[in-house]
Amino acid sequence: GESVGLHLPTLSVQEGDNSIINCAYSNSASDYFIWYKQESGKGPQFIIDIRSNMDKRQGQRVTVLLNKTVKHLSLQIAATQPGDSAVYFCAEIKAAGNKLTFGGGTRVLVKP
Amino acid sequence: EPEVTQTPSHQVTQMGQEVILRCVPISNHLYFYWYRQILGQKVEFLVSFYNNEISEKSEIFDDQFSVERPDGSNFTLKIRSTKLEDSAMYFCASSRGEGNTIYFGEGSWLTVV
């Protein structure tokens, strides 16, 4: 799970502030998108998903926005907490398939 | 909460040796996967498995790799003759069906020396 060597964009955010993580996807045939959180040395943990027939979906403290016109996905985390510090990956699945293609990831660092 | 479990958590093996990584997917799931993550890189798809056969595989999944569901609960990844470049974290995952959320295990860290 470590991303040493990978030049990840890093988002530093003050505890309690909101975070916005962005992702651009390339395959216009993708119809299902998932955000995963990966803590150091652990597996990707599902956060929230959205299908291509929606443009917004909300979960507990998280919101995913999908803009199909510009092939852009974002994850908003409200009231960011120290436990939110991790690498966040967006992933896409093409229609009629099950293969996840992961994006490059964004590291979120929450400052107390 | 049901989860995907993997063993071993860490294995060190000599180049050329065979390795078997084991996984117990979530019990009512029908699709099973292996992904890998080389240190410092993205998570990459290796193979998907459904109805006792491979449904899709990547170019990484060459003849050195094989998967098996030996019984009703386990799902294994075998690397026949390991190479140094096989060193990576290997994640097993499962989903209920096509287009459903894919859940990952905690990974098996393989080090080939």
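In what follows, every chain begins at residue 1, and chains take the letters A, B, ... in the order their sequences are listed.
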Can you hop from A:V87 to A:V110 via hydrophobic side chains spaced under 4.5 Å?
no
Greater than 12 external heavy atoms within 6.0 Å of B:E85's CD:
yes
Are more than 12 heavy atoms, taken from residues, nucleotides or ligands other than A:M54, located less than 6.0 Å from that residue's CE atom?
yes
Chain A neighbours within residues 43-63 of chain B, where any heavy atom lies under 4.5 Å away
B:V43, B:F45, B:E56
What about A:F102 and A:I50, same hydrophobic cluster or not, with Ile/Leu/Val/Met/Phe/Trp/Tyr joined at side-chain heavy-atom distances under 4.5 Å?
no
I'd like to verify something: which residue of B:S9, B:G99, B:G105 has the highest number of heavy-atom pairs under 4.5 Å with chain A?
B:G99
Can you confirm whether or not the ring centre of A:Y36 sits under 6.0 Å from the ring centre of B:F104?
yes
For atom CZ of B:R96, is the number of surrounding heavy atoms from other residues, nucleotides or ligands below 6.0 Å larger than 12?
no
Show your working on side chain to side chain contact (heavy atoms under 4.5 Å, CB included) between B:I102 and A:Y32 and close with a plain yes or no.
CA-CA 11 Å; B:I102 297 174; A:Y32 181 42; over 6 Å; no
For the candidates A:P44, A:G103, A:A91, which exhibits the highest count of non-hydrogen atom pairs separated by less than 4.5 Å from chain B?
A:P44
Give a yes or no on whether A:I47 and A:L11 share a hydrophobic cluster (residues Ile, Leu, Val, Met, Phe, Trp, Tyr; joining criterion: side-chain heavy atoms under 4.5 Å apart).
yes
Following the transitive rule for hydrophobic clusters with a side-chain heavy-atom cut-off under 4.5 Å over Ile, Leu, Val, Met, Phe, Trp and Tyr, establish whether B:Y33 and B:I26 coincide in one cluster.
yes
Tell me whether B:K83 at atom NZ has more than 12 heavy atoms from other residues, nucleotides or ligands lying less than 6.0 Å away.
yes
Under a single-linkage definition using a 4.5 Å side-chain heavy-atom cutoff for Ile, Leu, Val, Met, Phe, Trp and Tyr, are A:F89 and B:M89 assigned to the same hydrophobic cluster?
yes
Is the backbone of A:L100 close enough, under 3.5 Å, to the side chain of B:Y35 for a donor and an acceptor to pair up by distance?
yes
Please output the residues of residues 69-81 of chain B in contact with chain A, using a heavy-atom cutoff of under 4.5 Å, in numerical order.
none
Smallest heavy-atom separation, A:Q38 atom then B:F91 atom, equals NE2-CZ, 3.5 Å
